[in-house]
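Throughout, protein chains are lettered first and strands after them, A, B, ... in sequence-line order, and every chain is numbered starting at 1.
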Amino acid sequence: MKNLKQHIHENTVREGVEYHVSNGIPLSECVFRPHSEGFYKFYIEARKQFDEGKLEVTDSFDIELMETEIGERVDYEGEEVPLDIPLMEEDVELNSPKRGGTKKYYVYVKNDKGNVIKVNFGDTSGLKAKIDDPKARKSFVARHQCDMKKDKTKPGYWACRLPYYAKQLGLSGGGSFFW
Amino acid sequence: MKPYTDEYLNEDEWIRKFDHRLDSDELVWHRDTKDREIEVLHGDGWMFQRDNEIPFIINNSSKFKINAMVYHRLIKGNTSLIIKIKET
């Protein structure tokens, strides 16, 4: 995990949530830079307001997001890791740039027992190629029964929701839809 | 390909133009190695955001600074954006 060197005032975090509300921006498109201190604190603040009934959330994925533990960071094998936010494997092959092909992702989640586990999942179908193609998305959703995938400890849950996290992963395309 | 074109005035100063047809996804969070002073020459509805701060609107003749190695980004507006950049 990267060190969070720049600090953010709690008022700025609240302003960030207000910014989303006043501009009608989904919470999944956090105004702060992905994986910055503001990003994590934004989700903690949004969930706090949501739980207290102070934040009205209508977008179905945003509601789902508020039921996760996104924003929280926990210890996993001696390392601080974020919960419920997909991360992309660093490209380990040197001097061999690849475009497209299989991408590998992982996410840390808590299971039913409260233990933190690492869930690996892949985008074997080429996110960039298909994410902007409504037909391909529809086909993927139907084939993988995305609306039935509710268990976040399973790779299928995350593979189906990849477009929601496209911006956080530094991928173009994506948005508020299943594949 | 970069989402802008540059026209140099001298070694440390140049005019940068962002076309209004660019894709918002091209305006990514990034850092620069040197401090920069920015002056907006033309643009409507564009916003600027530093890391861990709220975006703010930049208008014609807006001036602001970007410290070296601080993440920042532009948010696309309604027109093309033309800015003058001076590295210090």
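- In this structure, the side chain of Glu53(B) does not engage the main chain of Thr12(A) through any donor-acceptor pair within 3.5 Å.
- Of all heavy-atom pairs spanning Asp51(B) and Ser36(A), the tightest one is OD1-CB, 3.6 Å.
- Counting heavy-atom neighbours within 6.0 Å of Asn23(A) CG, excluding the residue itself, gives a total above 12.
- Of the atoms belonging to Tyr19(A), it is side-chain heavy atoms, and not backbone ones, that fall under 4.5 Å from chain B.
- Hydrophobic clustering of Ile, Leu, Val, Met, Phe, Trp and Tyr side chains at less than 4.5 Å, counting indirect connections, unites Leu22(B) with Ile85(B).
- Residue Glu11(B) qualifies as open at atom CD: its count of foreign heavy atoms under 6.0 Å is 12 or below.
- The residue among Ile75(B), Ile54(B), Asp23(B), Val28(B) with the most heavy atom pairs within less than 4.5 Å of chain A is Ile54(B).
- The side-chain contact (heavy atoms from CB on, under 4.5 Å) search around Lys150(A) returns none, not counting sequence neighbours.
- By the salt bridge (Lys or Arg N to Asp or Glu O under 4.0 Å) test, Glu87(B) pairs with Arg36(B), sequence neighbours left out.
- Residue Lys34(B) qualifies as open at atom NZ: its count of foreign heavy atoms under 6.0 Å is 12 or below.
- Using a 4.5 Å cut-off between heavy atoms, Glu26(B) makes no contact with chain A at all.
- Among all heavy-atom pairs drawn from Trp29(B) and Phe32(A), the shortest one is CZ2-C, 4.0 Å.
- In this structure a side-chain-to-backbone donor-acceptor pair under 3.5 Å is missing from Asn52(B) to Ile8(A).
- The CZ atom of Arg33(A) lies 12.0 Å from the NE2 atom of His72(B); values are rounded to the nearest 0.5 Å.
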